[in-house]
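I have placed the structure first, in the form of structure tokens, so that the comments after it can refer back to it.
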Amino acid sequence: MTMEQEQYDVVVVGGGVNGTGIAMDAAGRGLRVLLCEMNDLASATSSSSSKLIHGGLRYLEHYEFRLVQKALAERESLLKNSPHIMWPMRFRLPHRPHLRPAWMIRAGLFLYDHLAKREILPGSRSIRFDESGPLKPDIKKGFEYSDGWVDDARLVVLTAKKAQQFGAKIMTRTKCVNAQRGDKNWTVTLHDMVSEKETTISAKVIVNASGPWVSKLFGETLSMPAPKMIRMVKGSHIVVPRLNQDQEAYILQNKDERIVFVIPYEDHFSLIGTTDVEYEGDPKKAKISPEETNYLLDIVNEHFVRQLKPSDVVWSYSGVRPLMDGEEENAQKASRDYAFEINQEKGKAPLISVFGGKITTYRKLAEVATDKLCQFFPEASGHWTKSASLPGGDFDNHTGLTTTLRQEFPWLPDDVLSRYVRTYGTTARDILSRSASLEDLGIHFTGTLYEKEVQYLMKNEWAMTSEDILWRRTKQGLYASEDNVKALDAYLADKVSSPLPGNPLHHSA
């Protein structure tokens with residue numbers, strides 16, 4: 001069957017967390033699914049988050065109790081299903097004179113503890129700070145509560161892998177450039193961004209999960225007006241050398257009521273963010289401004305003994321969050337909830353569009369979206385994702401898996417082993433199984449990145465560029481020099497021109 005003749009139940013446009021989540025859920029219910037993404041998976045909003053699986057403590061201040069409850073319930077499910085890329089984290093909230101009274105914060109934390117059932121995470125408590133800690137000596141008291149950490153870009157890639165395991169076709173570097181609506185099907189034109197070739201497929205339903213581009217897709221590709229507009233808000237983060245050696249994260253509340261997190265990141269660093277700035281223009285071109293950098297540094301410097309300056313920033317990133325556009329005056333009050341629009345114009349082929357959302361509720365969003373999808377496919381099966389582990393997540397905890405893999409591969413350095421556990425979980429064996437020494441892993445590119453892993457990522461995870469590998473798949477860009485990047489670029493260029501056996505390049509069936 002040629003590509004021009006291929007027929008699908010569903011075409012999902014957008015390879016972020018919502019798009020891959022819907023593709024996974026729908027494929028698991030027996031639908032024939034194709035997902036197209038014009039860039040790499042998680043190349044926009046979904047790799048630019050604060051890396052948290054959280055209920056959103058600050059959303060309580062905006063009375064978004066339903067969203068917080070929904071996110072808190074999801075938090076436990078996700079932590080169980082993907083222990084390699086998600087894990088519990090304790091957060092410390094220093095109490096300052098400009099904050100609400102301590103009793104009110106304690107009441108809010110009590111509500112946060114009890115809005116949804118909690119099995120994995122311990123509850124909140126009041127704490128005292130002393131001079132041995134990283135905070136300034138005038139900060140004496142605070143609070144501690146639980147949330148979770150997630151490697152956001154890997155969450156997207158592994159969700160796409162799970163969709164693929166159920167038969168979904170994942171097409172990266174493939175843009176949906178046109179969709180013509182018929183009585184029973186959409187005729188969809190896909191443009192390969194690498195080869196410049198175009199192909200046409202047929203689909204019964206289109207799901208528009210293109211994030212910041214969701215409204216734009218209507219006019220450019222679907223030839224219809226957008227039913228609602230989104231509000232684009234830029235969130236920027238900076239990474240600095242590790243600020244605190246303990247494992248806890250810090251949540252700092254500024255006088256303007258903005259929240260800034262300081263989170264342990266990749267062993268040797270701290271991740272600081274985020275900002276909330278109204279944004280217009282191309283979401284791919286979003287970059288941190290000097291004002292944002294200074295804003296984040298000023299808040300941290302108000303709290304921590306060690307003072308930071310712009311030259312301490314080793315990396316920064318910015319993402320555009322597509323929020324539902326309400327009437328709120330400022331960006332921080334705009335809702336992080338989600339909504340759907342179903343368009344069935346005069347009984348013709350349906351279109352479902354996703355507006356808003358946040359990483360913590362991605363699985364629930366995908367489940368609700370797939371429920372809406374399945375009204376057009378009565379033969380589809382029911383819910384299945386709540387207890388489904390993502391690839392590599394079939395183990396109990398990092399310590400146990402680390403011990404097991406150390407016995408199987410005693411030659412593997414601890415830093416490589418640690419990263420493999422939190423990146424691949426049990427699928428680390430797919431990279432290591434035919435190696436008996438560090439030399440067997442091949443060329444050393446930077447940090448803990450070796451040739452064998454690069455080959456695995458190209459063959460199995462749609463990676464094509466050094467950015468795909470160094471930042472979205474491994475975070476080893478934090479350790480890479482310009483020469484390291486050039487060497488990896490040259491290696492990849494050679495492999496793309498003469499691909500590895502079985503390497504699907506940017507397409508995968």
Side-chain angles (χ1 to χ4, degrees), residues 39-43 47 51 84-85 151-158 161 172-173 194 239-242 265-269 271 313-317 391-392 402 405-406 408-425 427-506 508:
N39 299 301
D40 182 31
L41 295 171
S43 58
S47 59
K51 325 294 184 195
H84 45 337
I85 58 167
D151 186 332
D152 52 7
R154 289 212 56 76
L155 172 64
V156 175
V157 170
L158 294 181
K161 286 292 294 179
T172 63
R173 268 87 183 188
V194 178
V239 175
V240 301
R242 189 72 168 259
Y265 189 64
E266 294 296 315
D267 296 331
H268 305 296
F269 303 93
L271 174 64
V313 177
V314 297
W315 182 48
S316 66
Y317 62 88
T402 300
L405 291 178
R406 184 174 285 119
E408 294 178 34
F409 308 100
W411 50 268
L412 195 65
D414 286 348
D415 57 347
V416 181
L417 175 60
S418 172
R419 188 175 67 76
Y420 276 20
V421 167
R422 68 174 189 259
T423 304
Y424 302 104
T427 55
R429 293 187 178 95
D430 294 345
I431 303 172
L432 297 169
S433 60
R434 288 175 294 280
S435 300
S437 67
L438 191 59
E439 291 70 31
D440 287 345
L441 294 184
I443 301 166
H444 177 234
F445 289 104
T446 187
T448 55
L449 183 67
Y450 290 83
E451 182 179 15
K452 202 109 180 256
E453 183 180 10
V454 170
Q455 291 181 350
Y456 174 86
L457 293 171
M458 293 177 71
K459 184 176 179 179
N460 298 283
E461 292 195 3
W462 304 281
M464 290 186 71
T465 70
S466 57
E467 183 182 343
D468 299 349
I469 290 169
L470 292 173
W471 293 111
R472 285 183 285 276
R473 305 300 189 282
T474 72
K475 308 299 183 291
Q476 292 303 291
L478 290 165
Y479 305 97
S481 66
E482 284 187 27
D483 287 342
N484 294 152
V485 177
K486 286 177 182 175
L488 180 56
D489 281 335
Y491 178 86
L492 294 172
D494 178 61
K495 294 301 177 186
V496 169
S497 61
S498 55
L500 299 163
N503 181 7
L505 293 182
H506 57 297
S508 189

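Predicted, not measured: the structure shown is a model, and the values here were computed from it.
- Residues meeting the ring pair (Phe, Tyr, Trp, His ring centres under 6.0 Å) test with Y424, sequence neighbours left out: Y420, Y456.
- Legend: residues meeting ring pair (Phe, Tyr, Trp, His ring centres under 6.0 Å) with H444, ordered by chain and number and at least two apart, are Y450.
- Remark: side-chain polar atoms of T172 are not paired, donor with acceptor, to backbone N or O of L41 under 3.5 angstrom.
- For P410, there are no side chain to side chain contact (heavy atoms under 4.5 Å, CB included) partners, not counting sequence neighbours.
- In terms of the salt bridge (Lys or Arg N to Asp or Glu O under 4.0 Å) criterion, K161 has no residue partners (sequence neighbours excluded).
- Residues that satisfy the side-chain hydrogen bond (donor to acceptor under 3.5 Å, both in side chains) test with T448, not counting sequence neighbours, are R419, Q476.
- Aromatic ring orientation, F445 versus Y491: perpendicular (interplanar angle above 60°, classes split at 30° and 60°).
- Listed here is the closest heavy atom pair of P391 and T427: C-CG2, 4.3 Å.
- Between K475 and D151, some side-chain heavy-atom pair lies under the 4.5 Å cut-off.
- Every residue meeting the ring pair (Phe, Tyr, Trp, His ring centres under 6.0 Å) condition with Y265, not counting sequence neighbours, appears here in chain and number order: W149.
- Not counting sequence neighbours, the partners of D267 by the salt bridge (Lys or Arg N to Asp or Glu O under 4.0 Å) test are R422.
- Scored by the side chain to side chain contact (heavy atoms under 4.5 Å, CB included) test, S435 finds W411, D440, L441, K452 as partners (sequence neighbours excluded).
- Remark: R472 pairs with D40, E467, D468 by the side-chain hydrogen bond (donor to acceptor under 3.5 Å, both in side chains) rule, at least two apart or across chains.
- Here the closest non-hydrogen pair linking V421 and T402 is CG2-OG1, 3.6 Å.
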Report the C-alpha distance between L417 and F409 in whole Å, list the side-chain angles of each, state the deciding distance to 0.1 Å, and finish with yes or no for side-chain contact (heavy atoms from CB on, under 4.5 Å).
CA-CA 9 Å; L417 175 60; F409 308 100; over 6 Å; no
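- Counting only heavy atoms from C-beta outward, the side chains of S481 and T446 never approach each other to under 4.5 Å.
- Partners of R429 according to the side-chain hydrogen bond (donor to acceptor under 3.5 Å, both in side chains) rule, which considers only residues two or more places apart in sequence or in another chain, are E408.
- In terms of the side-chain hydrogen bond (donor to acceptor under 3.5 Å, both in side chains) criterion, S433 has no residue partners (sequence neighbours excluded).
- Of all non-hydrogen atoms in A428 and L405, the two that sit nearest each other are CB-CD1, 4.2 Å.
- Pairs passing the salt bridge (Lys or Arg N to Asp or Glu O under 4.0 Å) check and including a residue from residues 478-488, sequence neighbours excluded, do not occur.
- S47 and A153 make their closest contact through CB-CB, 3.9 Å (heavy atoms, listed as atom of the first residue, atom of the second, distance).
- Contact check on R154 versus E461 returns a salt bridge, with a Lys/Arg side-chain nitrogen under 4.0 Å from an Asp/Glu carboxylate oxygen.
- L449 has its side chain within reach of L488: a pair of non-hydrogen atoms, C-beta onward, lies under 4.5 Å apart.
- Smallest separation of non-hydrogen atoms from L492 and S466: CD1-N, 3.3 Å.
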